[in-house]
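Both ligands and their constituent atoms are indexed starting at 1 by order of listing.
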Amino acid sequence: MTITHTAKKTLAAVAGIALAASLTACGGGGSDAASTGAAGTTGTTASGSASATAASTGGYNLVPKDTNGDGLITVGFAQVGAESGWRTANTQSYQDYFVAANGFKLAFADANQDADKQKQDVRDLIQQGVEVIDLAPVTDSGWEPVLQEAKDAGIPLIVSDRQLSVSDDLYLTYFGGNMEQEGKTAVKWLEDYIKANNVTDPINIVHLQGTIGSTAQKGRSKALTDAAPANKWNVVYEQTGEFTQAKGQEVMESFLQQGKDFNVIYSENDDMTYGAIEALKAAGKDPKSYIIISFDGNKSAVQMVIDGLIDVIAECNPLLGPQVGDLIKKSAAGDKIAKITYSVESFIDSTNAAEKIKTAFGS
Ligand code: GZL
């Protein structure tokens, strides 16, 4: 089933309004609403600072401090890599914020998307004697021994961007997106679209997954995997594009060569979406004939929403530097900080893209 562009645009508008209403109702609203997620967590605005709630520190009693007396807190940032526009903006937000003028020094390690290298990166930061570690984990497994080593060295460790399912007494706090909620936002948009358009044809979905084992991929994939059977949607292809444009294009090319029918693309970041759109065009297919769902919200992806190429983007805020810095300062000052703080994120579609592009990150 192809979906004509006009119908898509009109119906997307209807779906977007329904989704916005539902998000506002449950308090998970757009970028200016603060909302409380699961117990002990507090949503923050994209630009606002994290607001501490009375929360357990989960038996973790290390707090950031200037142990070498140079008047600065040295932050060791163990970054995933440089795989996407989101990552570039995320790294830049740390390099911009963690400077002497804000009371910080930054030591940076790039894991190049290699989970094993990243564990060595953290061990190197411990050896360097940094005063707090911020870890954005490539994948979420095998971290307990390294986190314990940081704790034994007396270095407080913050998890950012992608969560870890480890004991609360191994890290100070988590700040970043709620990935499963992002996926639920995308799924809800598709459910509303189908309802608004009385779509009766089969929904056949191409699922471009992020880096397998990252909580970004696990959460976004879970939302689709949970919703598909209930909605009788068929996931006809599913493979990782490793959050990169090149791999996303390569994987979509292979799907197109296999020839199964599909009418929806659920792509777990904008860079893979760009690759998928290039593959469709190269195969002589009109991207506007498909419902394309993406994640992140890079400026160029928001422009593609305006141009009718992408139908909805589930937002994921990369500008975490200032808010992580705020949590470090609060903790260093003796404030109790929440164990988990989620960015408040919404969605971008034809109903709000013209407004959202004014503040969209990246290029
Ligand atoms: C999400 C982040 C993901 C982005 C991708 O918080 O970890 O990694 O969605 C990035 O663009 O590669």
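Atoms of ligand 1 found under 4.0 Å from any heavy atom of Ser84 (numbered from 1 in listed order, with element): 5 (C), 10 (C), 11 (O), 12 (O). Using a 4.0 Å cut-off to heavy atoms of Cys316, the atoms of ligand 1 that qualify are 1 (C), 6 (O). Contact atoms of ligand 1 toward Asp296: 4 (C), 5 (C), 9 (O), 11 (O) (distance under 4.0 Å to a heavy atom of the residue). Atom numbering of ligand 1 starts at 1 in the shown order; those under 4.0 Å from a heavy atom of Glu83 are 8 (O), 10 (C), 12 (O).
In this structure, Arg220 has a heavy atom closer than 4.0 Å to ligand 1.
Among protein heavy atoms, the minimum distance from atom 6 (O) of ligand 1 is reached at Asp161 OD1, 2.4 Å.
Gln79 meets the side-chain hydrogen bond (donor to acceptor under 3.5 Å, both in side chains) test with Arg87, Asn90, Thr91; sequence neighbours excluded.
The side-chain tip of Lys151 does not point at the ring of Tyr171 from less than 6.0 angstrom away and within 45° of straight on.
Here the two rings, on Tyr266 and Phe295, have centers that are under 6.0 Å apart.
Residue Trp86 has no N or O atom closer than 3.5 Å to an N or O atom of ligand 1.
Neither the backbone nor the side chain of Met272 comes within contact range of ligand 1; no heavy atom lies under 4.0 Å.
Asp270 has its side chain out of reach of Ser300: every pair of non-hydrogen atoms, C-beta onward, lies at least 4.5 Å apart.
Aromatic ring orientation, Tyr97 versus Phe104: tilted (interplanar angle from 30° to 60°).
A salt bridge does not link Glu191 to Lys195: none of the charged nitrogens lies less than 4.0 Å from a carboxylate oxygen.
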